[in-house]
Number of protein chains: 4
Amino acid sequence: MSEGKRSAGRPRDAEAAGAIKAATLKLVRERGYEAVSIAAIASEAGVARQTLYNRWNTKADLVLDAVFEETGRYASAPLNDPAQTSRMLLERFLVQVFEHLAENGDTIRALIAAAQENNGFREIFRKRFVNPREEIVTDLLKRAQERREIGQDCNINMLSSFVHGAFWYALLNGDTLDKDFARNIAVEIFRSDRKSSGQG
Amino acid sequence: MSEGKRSAGRPRDAEAAGAIKAATLKLVRERGYEAVSIAAIASEAGVARQTLYNRWNTKADLVLDAVFEETGRYASAPLNDPAQTSRMLLERFLVQVFEHLAENGDTIRALIAAAQENNGFREIFRKRFVNPREEIVTDLLKRAQERREIGQDCNINMLSSFVHGAFWYALLNGDTLDKDFARNIAVEIFRSDRKSSGQG
Amino acid sequence: MSEGKRSAGRPRDAEAAGAIKAATLKLVRERGYEAVSIAAIASEAGVARQTLYNRWNTKADLVLDAVFEETGRYASAPLNDPAQTSRMLLERFLVQVFEHLAENGDTIRALIAAAQENNGFREIFRKRFVNPREEIVTDLLKRAQERREIGQDCNINMLSSFVHGAFWYALLNGDTLDKDFARNIAVEIFRSDRKSSGQG
Amino acid sequence: MSEGKRSAGRPRDAEAAGAIKAATLKLVRERGYEAVSIAAIASEAGVARQTLYNRWNTKADLVLDAVFEETGRYASAPLNDPAQTSRMLLERFLVQVFEHLAENGDTIRALIAAAQENNGFREIFRKRFVNPREEIVTDLLKRAQERREIGQDCNINMLSSFVHGAFWYALLNGDTLDKDFARNIAVEIFRSDRKSSGQG
DNA sequence: GTCTAAGCGAGACGGTACGTCAGGTCTTGCT
DNA sequence: AGCAAGACCTGACGTACCGTCTCGCTTAGAC
């Protein structure tokens with residue numbers, strides 16, 4: 001009863017979606033986003049080209065879906081572990097993200113690129129990818145504020161932008177995202193002695 | 001000594017380069033990077049398509065050149081004005097940048113996207129575009145450190161990444177880059193009371 | 001049994017082939033073989049350029065097909081009319097051929113030219129165009145030999161080469177192929193008093 | 001006095017013409033007429049492309065010149081040797097021609113092809129190549145007629161067309177032109193017993 | 001000895017055509 | 001109504017030639 005009236009006609013092949021997403025991820029990782037054609041994905045998945053068009057509007061949609069299949073389920077309960085400092089939690093979060101990017105960075109970069117060339121896709125990408133991750137960090141920072149690990153009038157959103165911006169900037173410019181980088185971000189966000197007057 | 005020996009053969013049409021770059025900028029602004037074909041640029045410039053291929057290897061090269069023609073010469077003596085706080089100088093720099101991006105943001109976004117799809121171009125883009133701007137901010141921050149406006153052991157490069165990352169992130173996600181945003185960045189970078197302990 | 005199993009997928013547009021061949025013939029007749037581009041044919045036929053590439057490998061293949069469409073079905077039952085001398089039959093055949101060439105001579109010349117520049121095409125042209133016509137003449141000459149209208153040890157193939165050679169030579173050199181020419185060929189092939197000794 | 005007033009300016013490089021023609025022949029023999037570009041000839045000859053345009057209007061003109069340089073000087077005094085039958089003389093002439101074609105056949109075929117695509121060139125080709133060779137055969141046949149080796153009312157021009165037509169036809173269709181073929185042509189042209197009535 | 005006219009090497013230029021590729025739509029018969 | 005297959009239209013790509021042009025340099029005879 002849950003799904004209302006099943007529409008007439010042949011139902012969609014249940015295995016097709018999985019095969020297509022798997023093929024998409026495989027090819028995008030191997031060759032890069034731009035070098036992969038829709039025909040190549042269909043062929044790799046053993047599926048007719050039209051089947052892709054039946055389910056996704058654009059290549060970007062499809063790749064986004066494929067990446068999320070794998071990616072959507074990360075993220076981690078322990079980010080509000082009260083036994084840890086917020087700095088430690090942020091660092092741990094970033095290490096997780098960077099590990100994910102070690103494998104998927106090129107694909108993500110391609111998605112960011114695709115988002116620049118298609119406003120509709122940029123919205124989808126923002127909603128399904130950017131915003132959820134942003135929320136994780138702003139939540140973390142809010143708790144830090146509650147726990148007095150960070151100043152009351154700090155601009156949480158701006159700090160979040162610093163965090164994400166820093167690694168987007170690095171990612172897009174080809175810098176390596178390693179544990180040091182994660183720690184350095186966390187350190188600098190939570191630094192108390194930014195102003196030298198604190199030392200006088 | 002100026003230009004060495006002129007190579008043999010008919011010299012390149014001096015006006016063509018200008019016309020091509022102008023046409024490129026015009027079309028990229030009107031239609032976006034991906035929607036502009038080489039043929040369209042050639043036609044707009046009143047030039048044979050082959051002439052473009054004679055001078056640039058890829059569309060990205062050409063657009064980069066065209067953008068730099070206009071863009072390379074901004075940037076601002078007064079960033080070391082000793083009568084101003086570094087926070088004010090940073091804010092002023094960001095306002096300048098954002099004004100430039102108001103017109104060229106779409107093109108820059110397209111270039112960043114193109115850089116993700118072509119490693120060679122990413123290097124060029126980094127050298128000719130990213131690094132110079134980064135240097136402006138790190139220089140500013142170093143002087144701030146010398147003037148004790150910022151802590152001695154702050155990570156200058158990380159703060160610079162925060163600055164650039166913040167507005168790249170906003171730019172790529174479709175946020176507006178206005179004067180408030182510029183001020184907020186500067187405020188947060190130079191905040192003294194980040195840690196709540198400063199209030200205890 | 002007629003056409004075997006129809007292959008999957010959308011069938012080829014049945015009208016397209018006709019339109020394309022008609023356009024091809026029209027343009028080749030108007031402008032000559034070399035001056036006709038594939039794009040022009042496609043445009044004249046109201047069809048995408050790619051459609052031509054889907055069906056024919058080269059312009060020569062296409063033109064050959066187009067010419068044969070019109071040309072393949074001539075040729076004439078009455079060439080073994082026993083009430084006529086072989087000389088008359090040959091003359092009548094040549095008149096038919098020359099009438100066809102009056103309209104298609106330029107196209108045929110272009111095909112012969114194309115055959116010189118492409119060995120594969122020369123083979124096709126020979127099989128589909130040259131050999132069938134040659135056979136008509138050799139058959140006629142064989143019957144003439146059986147009917148004692150021509151010497152028993154005459155070299156039929158050589159005489160056939162004389163016939164076709166004579167009008168190819170004329171065609172390719174721009175001479176007119178009229179009824180007189182047809183008659184003169186037939187007369188000379190069947191001449192009894194070639195050697196002056198026959199007059200002594 | 002012979003060559004009128006020499007025009008002012010730098011005289012044409014005397015060696016260039018030779019080098020260009022040699023390069024032309026070499027490349028046309030190696031690659032075929034259509035596959036050779038003017039740029040390739042210029043490059044092979046070590047000469048500027050414009051130099052070719054200064055001296056020849058089209059590629060066909062150039063190739064024609066190049067072939068004639070080598071070819072114009074054949075042909076043979078002994079074709080009126082009174083001690084030989086005309087049949088023998090014709091055979092000998094054809095053997096000479098076929099030997100020449102063994103090396104230059106492809107080039108000649110290309111020229112014939114080029115003549116079909118350019119009326120102006122066809123005229124030149126006819127005057128400088130076809131007619132002289134035709135005259136050799138018609139002269140030979142006229143002498144044969146005077147010597148009563150051939151009937152008085154034979155159509156000399158038609159027989160000449162048979163001779164040239166036969167080997168053009170063979171050449172253009174890719175048949176081999178060997179000594180047997182030469183003999184068979186001569187035999188058939190001079191056959192006395194064409195009509196079987198001659199045997200009755 | 002300049003002057004002048006032309007050829008030359010080099011190579012850019014406006015064109016035109018090529019053959020390929022990809023995207024997105026459509027039309028079949030089959031499931 | 002979805003699917004496999006594949007033809008179709010559109011339009012961009014990068015390459016190859018063509019014939020013309022524009023440079024700076026060279027080569028001569030004319031003045």
Side-chain angles (χ1 to χ4, degrees), chain A residues 6-14 16 34-43 45-55 57-59, chain B residues 5-17 34-43 45-55 57-59, chain C residues 5-14 16-17 34-43 46-55 57-59, chain D residues 5-14 16 34-40 42-43 45-55 57-59:
Chain A
R6 194 184 143 307
S7 66
R10 176 175 174 174
R12 288 187 165 173
D13 182 335
E34 283 295 314
V36 174
S37 69
I38 291 179
I41 294 174
S43 164
V47 139
R49 204 151 53 89
Q50 181 61 46
T51 301
L52 300 194
Y53 288 107
N54 287 344
R55 305 189 185 203
N57 289 324
T58 68
K59 189 166 63 165
Chain B
K5 62 171 57 175
R6 197 187 140 304
S7 72
R10 176 174 175 173
R12 290 184 166 171
D13 183 332
E15 295 178 23
E34 283 296 313
V36 174
S37 70
I38 292 179
I41 296 174
S43 165
V47 140
R49 199 157 54 92
Q50 183 59 47
T51 299
L52 301 194
Y53 288 109
N54 285 344
R55 303 189 184 204
N57 290 325
T58 67
K59 190 167 65 167
Chain C
K5 64 171 55 176
R6 199 185 137 305
S7 71
R10 175 175 176 173
R12 288 187 165 170
D13 183 334
E34 284 296 314
V36 173
S37 71
I38 291 178
I41 294 173
S43 165
V47 140
R49 200 156 53 89
Q50 183 59 47
T51 299
L52 300 194
Y53 287 109
N54 285 344
R55 305 189 184 204
N57 290 325
T58 67
K59 191 167 62 167
Chain D
K5 63 169 58 173
R6 195 187 141 310
S7 66
R10 176 175 174 173
R12 290 185 166 171
D13 183 334
E34 283 297 312
V36 173
S37 70
I38 292 179
S43 166
V47 140
R49 204 152 52 89
Q50 182 61 47
T51 301
L52 301 194
Y53 288 107
N54 286 345
R55 305 188 186 204
N57 289 325
T58 68
K59 189 166 65 165

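In what follows, chains carry the letters A, B, and so on, assigned in the order in which the sequence lines appear, proteins first and then strands, with residues in each chain numbered from 1.
- Among all heavy-atom pairs drawn from A/V47 and A/A16, the shortest one is CG2-CB, 4.4 Å.
- For D/N54, a side-chain nitrogen or oxygen approaches OP1 or OP2 of E/dC8 to under 4.0 Å.
- Distance, A/E34 CD to F/dA12 P: 16 Å, rounded to whole Å.
- For the atom pair CD1 (B/I38) and OG1 (B/T51), the distance works out to 12.0 Å, reported to the nearest 0.5 Å.
- Each of C/N57 and B/A14 has a nearest nucleotide on DNA chain E; the 5'-most of these lies closest to B/A14.
- An OP1 or OP2 oxygen of E/dC8 is reached within less than 4.0 angstrom by a side-chain nitrogen or oxygen of D/R55.
- Between the side chain of B/R10 and the base of E/dC13 there is no donor-acceptor pair of N/O atoms closer than 3.5 Å.
- Annotation: the span from C/K59 atom NZ to C/E34 atom CD amounts to 5.0 Å, rounded to 0.5 Å.
- Distance CG (B/L52) to C1' (F/dA12): 14 Å, rounded to an integer number of Å.
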Restricting both atoms to N or O, compile the protein contacts to nucleotides 14-18 of chain E shorter than 3.5 Å, with distance only.
residue : atom : partner : partner atom : Å
E/dG14  : OP2  : B/A48   : N            : 2.8
E/dG14  : OP2  : B/T51   : OG1          : 2.7
E/dA17  : N6   : B/R49   : NH2          : 2.9
E/dC18  : OP1  : C/I38   : N            : 3.3
E/dC18  : OP2  : C/I38   : N            : 2.9

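- In this structure, B/R55 contributes its side chain and B/R12 its backbone to no donor-acceptor pair below 3.5 Å.
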